[in-house]
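Below: one structure, written as structure tokens.
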There are 2 protein chains.
Amino acid sequence: MRVIVAGGDGYLGWPQAMYLSRRGYDVCVVDNFCRRTWDLECGTDSLVPIWPLQERVAAWRERTGKTIDMAIDDLADYGFISALVCDFHPEAIVHYGEQRSAPFSMIDRRHAVLTQVNNVVGNLNLVYAIKENNPDIHLVKLGTMGEYGTPNIDIEEGFIEITHNGRTDTLPYPKQPGSFYHLSKVHDSHNIQFVCKIWGLRATDLNQGVVYGVETDETKLDERLATRFDYDGIWGTVLNRFCIEAAIGHPLTVHGKGGQTRGYLNIRDTMRCIELALENPAEPGEYRVFNQFTEQFVVSELAQLIKEAAVHKGMKVDIRSIADPRVEAETHYYNAKHTKLIDLGLKPHMLSETLIDSIFDTVQQHKHRVKLDRIASLVNWRNASNQVGYGSVSAKADEDRKPLKAVAGTRGASRRR
Amino acid sequence: MRVIVAGGDGYLGWPQAMYLSRRGYDVCVVDNFCRRTWDLECGTDSLVPIWPLQERVAAWRERTGKTIDMAIDDLADYGFISALVCDFHPEAIVHYGEQRSAPFSMIDRRHAVLTQVNNVVGNLNLVYAIKENNPDIHLVKLGTMGEYGTPNIDIEEGFIEITHNGRTDTLPYPKQPGSFYHLSKVHDSHNIQFVCKIWGLRATDLNQGVVYGVETDETKLDERLATRFDYDGIWGTVLNRFCIEAAIGHPLTVHGKGGQTRGYLNIRDTMRCIELALENPAEPGEYRVFNQFTEQFVVSELAQLIKEAAVHKGMKVDIRSIADPRVEAETHYYNAKHTKLIDLGLKPHMLSETLIDSIFDTVQQHKHRVKLDRIASLVNWRNASNQVGYGSVSAKADEDRKPLKAVAGTRGASRRR
């Protein structure tokens with residue numbers, strides 16, 4: 001099967017490309033390196049060194065004899081993506097190619113707009129490229145469990161049957177996303193559902209939980225094939241961040257009461273979930289949603305788990321509660337269904353001490369690379385600008401705020417105060 | 001009360017500005033004239049001649065002694081809108097300033113992207129300008145009943161209580177929008193709800209039905225104060241379009257079975273609904289939704305009503321069914337709640353033969369201006385491009401579609417076929 005992996009230079013996109021290539025798929029990765037650029041802006045970096053994409057692809061060929069194609073460009077450029085779809089003639093497109101950090105989207109207005117425009121326009125361009133070139137292409141889109149928020153009822157997989165005033169319908173599950181990033185994924189979901197309806201496109205929307213882990217069978221083949229491992233306050237997700245905090249003797253930082261419950265999955269299961277979606281495509285006109293995670297954890301429990309594993313390895317670990325920088329329920333009901341991928345054959349890798357140990361080993365090997373001042377979650381949801389320490393954000397915000405004089409000329413003579 | 005009316009040169013924005021000005025509000029209208037520009041692109045025009053904004057404002061002062069301020073610029077420019085909010089210090093912002101045509105958003109990819117970026121970014125800029133300058137400003141945002149689609153259960157006002165597996169929560173009403181335009185309004189709604197939650201902003205989201213009518217007490221004062229009256233396949237809405245078809249002897253064109261049911265309201269009620277929202281602002285942190293319409297009609301019934309009124313005036317009228325250019329249910333259940341504005345004091349102007357007669361009179365007066373070739377609904381939801389007859393759309397689509405050669409240089413040496 002011929003597959004385009006958009007965002008194929010990223011944390012999940014790159015191992016996904018190798019995973020599929022190894023299993024006989026013809027893979028073309030698309031990337032514009034915005035993620036590496038945003039590291040430059042935020043002063044962040046992968047704990048594990050990552051190689052340039054060209055060297056990754058060359059190392060992959062050297063190790064396996066297999067070829068991964070590359071197309072370096074931006075999904076915002078329709079001419080590019082439409083030509084690529086026409087030329088590569090994929091049977092499926094796996095779409096990892098979006099800005100994927102909630103804190104990044106909350107830095108200020110510029111980052112909120114960047115996130116929503118980048119994600120919504122890239123996704124619209126993809127569905128138009130599919131419609132115009134080959135409507136039979138299966139779109140496998142990465143969404144997030146964060147689209148649902150934390151409702152006080154069970155979370156279903158995309159749709160819910162509602163009985164109201166004596167009548168019944170099955171409707172899209174109501175969304176309560178918690179950041180401008182999560183909102184962008186909700187916008188995408190609505191757009192994709194619509195094009196499946198009007199054009200008969202086929203799409204699988206994967207509402208993924210928090211991914212942990214850094215190794216797959218393919219990344220282990222060669223250090224040049226490693227994928228990125230983020231631990232900072234902008235890009236790092238909670239389990240990976242806890243492992244690094246433990247390894248460097250930093251307290252495990254829990255936001256507020258630590259009662260936030262989320263779905264989690266091992267990076268290896270992400271790889272397999274995409275494969276299952278590709279092997280069992282949506283029908284023409286079908287928009288289906290899978291909740292892609294394997295276990296639910298409460299954050300404070302997760303901190304305890306990591307602490308125990310760390311103590312077992314002889315480390316000293318504290319858990320510290322900090323004021324929650326996000327606006328979210330710190331304790332809440334949470335029960336999300338996730339049976340559709342299991343039904344297709346997913347055999348989950350559950351979180352275990354072995355896995356945590358292997359992450360510790362990776363961290364130990366690279367801990368001299370940790371930038372201590374990047375660990376904290378400095379972006380506060382309650383602020384709208386001047387989020388300290390990220391690029392030229394403050395200067396930029398001031399610049400945006402033109403003095404009124406600059407626009408006065410365009411205002412009516414009738415202007416008075 | 002000081003109020004900014006964004007989109008204040010438009011069909012509803014302009015009469016709204018006058019309505020509020022007459023009642024003692026200090027009004028500043030914001031517009032970038034994109035709507036007049038899109039008329040140039042689409043070869044469309046208002047049936048009723050409309051004056052330049054500067055002349056409208058001057059005529060308003062001449063007739064009433066009252067001043068309406070103007071700020072001519074784009075909501076996409078944050079520097080502009082933030083400075084204006086800072087300088088004008090409004091207590092409320094009425095946001096009509098969006099691309100508001102479903103067919104326009106469905107012409108091709110460029111128009112879909114334009115619609116979503118224009119609407120989402122303009123709206124994000126407004127909420128940031130409020131947050132940064134004065135979070136107490138009340139945002140009164142125009143949405144659409146089309147956000148809901150046509151579910152098989154009653155439509156509530158924004159939220160629905162759902163009991164599921166023995167638990168209950170009140171959640172955002174599930175949305176099933178029917179065009180890229182309607183989708184943009186759903187995106188806005190999600191974004192606004194979020195900023196009310198995280199920043200404590202106050203917002204009223206008005207899901208408006210189809211507006212009909214062309215006269216208000218203010219537009220009647222002087223021909224220079226007239227508002228636009230659209231009848232074409234891109235900008236014209238159904239009741240106004242039927243009146244014009246009747247007046248010029250064109251069959252009333254019903255899409256498909258004509259069983260589409262929608263909510264409708266008189267332009268005078270739109271004016272009053274906004275006033276009611278302003279007089280009774282949302283609380284800090286409150287995101288509330290009002291369904292803003294007064295009557296439901298089935299399209300085929302509406303055609304019959306217009307036909308009868310026309311026959312009564314001695315006209316000959318046929319009703320003709322054409323293939324539905326949209327992808328929508330042609331017959332369906334529809335029962336949408338609309339009590340919140342009534343509870344605040346709205347006294348609806350129901351559709352009557354008198355009103356239809358007055359529209360006929362307006363049409364008679366200007367019917368020499370009708371462009372016959374613009375009446376048909378030429379934009380088909382099932383197509384993705386090359387929608388005949390709208391600007392340089394086809395040429396532009398070809399241009400977008402760069403030959404692959406242009407990007408080949410950026411692709412890996414490992415490329416093969």
Side-chain angles (χ1 to χ4, degrees), chain A residues 54 57 61 67-73 78-80 82-83 87 109 112-113 116-117 120-121 124 128 131-132 151-154 160 162 164-165 167-169 171-172 174-177 183 186-187 190-191 194 197-199 327 381-382 384-385 400-404 407 410-412 414-416, chain B residues 54 57 61 67-73 78-80 82-83 87 109 112-113 116-117 120-121 124 128 131-132 151-154 160 162 164-165 167-169 171-172 174-177 183 186-187 190-191 194 197-199 327 381-382 384-385 400-404 407 410-412 414-416:
Chain A
Q54 292 81 352
V57 163
R61 189 156 48 170
T67 301
I68 291 175
D69 286 346
M70 286 184 292
I72 310 305
D73 210 329
Y78 184 69
F80 154 69
S82 183
D87 183 56
R109 186 198 64 83
V113 168
Q116 295 208 349
V117 171
V120 168
V121 173
L124 281 175
Y128 268 96
K131 159 69 172 167
E132 299 246 63
N152 196 35
I153 58 174
D154 293 343
I160 182 170
I162 301 176
H164 181 55
N165 298 346
R167 303 180 60 89
T168 299
D169 200 357
L171 296 172
K175 301 294 182 72
Q176 297 182 107
L183 282 154
V186 172
H187 305 342
H190 280 103
N191 284 342
F194 175 65
K197 179 182 171 188
I198 62 166
W199 296 334
V327 177
W381 266 225
R382 293 163 187 85
S385 63
D400 268 0
R401 188 74 180 64
K402 288 190 241 166
L404 191 62
V407 295
T410 61
R411 303 181 62 191
S414 57
R415 180 95 187 86
R416 72 187 156 82
Chain B
Q54 293 80 354
V57 163
R61 190 158 45 173
T67 300
I68 292 175
D69 285 346
M70 286 185 290
I72 310 306
D73 209 329
Y78 184 69
F80 154 69
S82 182
D87 182 57
R109 186 197 65 83
V113 168
Q116 295 207 349
V117 170
V120 168
V121 173
L124 282 174
Y128 268 96
K131 159 71 172 166
E132 300 245 63
N152 195 36
I153 59 174
D154 293 343
I160 181 170
I162 301 176
H164 181 54
N165 299 344
R167 301 180 62 88
T168 298
D169 200 357
L171 296 172
K175 302 292 182 73
Q176 298 181 108
L183 282 154
V186 172
H187 305 342
H190 280 103
N191 284 342
F194 175 66
K197 179 182 169 188
I198 63 166
W199 296 334
V327 176
W381 266 226
R382 294 163 187 85
S385 63
D400 269 359
R401 189 74 181 62
K402 288 189 240 168
L404 191 61
V407 295
T410 61
R411 303 181 61 188
S414 58
R415 179 96 187 87
R416 74 188 154 78

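Proteins come first, then strands; the chains are lettered A, B, ... in the order of their sequence lines, and each starts at number 1.
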Heavy-atom distance under 4.5 Å to chain A: side chain of [X], backbone, both or neither?
| X | answer |
| --- | --- |
| B:Trp199 | side chain |
| B:Gln54 | neither |
| B:Lys131 | side chain |
| B:Val113 | both |

Any idea which of A:Pro177, A:Ala112, A:Pro172 has the most non-hydrogen atom pairs under 4.5 angstrom with chain B? A:Pro172
Among A:Leu124, A:Asn152, A:Val327, which residue forms the greatest number of heavy-atom pairs with chain B at distances under 4.5 Å?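 With the most close heavy-atom pairs to chain B, the winner is A:Asn152.
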For chain A, find which of B:Val120, B:Thr168, B:Val121 contributes the most heavy-atom pairs closer than 4.5 angstrom. B:Thr168
Contact winner vs chain A - B:Gln116, B:Lys197, B:Lys175, heavy-atom pairs under 4.5 Å: B:Gln116
Work out which heavy atom in A:Asp154 is nearest to a heavy atom in B:His164; give both atom names and the distance.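 Closest heavy-atom pair between A:Asp154 and B:His164: O-CD2, 3.7 Å.
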So, do [X] and [Y] sit near enough that their side-chain heavy atoms are less than 4.5 Å apart?
| X | Y | value |
| --- | --- | --- |
| B:His190 | A:His190 | yes |
| A:His187 | B:Asn191 | yes |
| B:Arg382 | A:Ile198 | no |

Measuring from atom CD1 of A:Ile162 to atom CD1 of B:Ile153, what distance do you get when rounded to the nearest 0.5 angstrom? 5.0 Å
Calculate, to the nearest 0.5 Å, the distance between atoms CD and CG belonging to B:Gln176 and A:Asp169 respectively. 6.5 Å
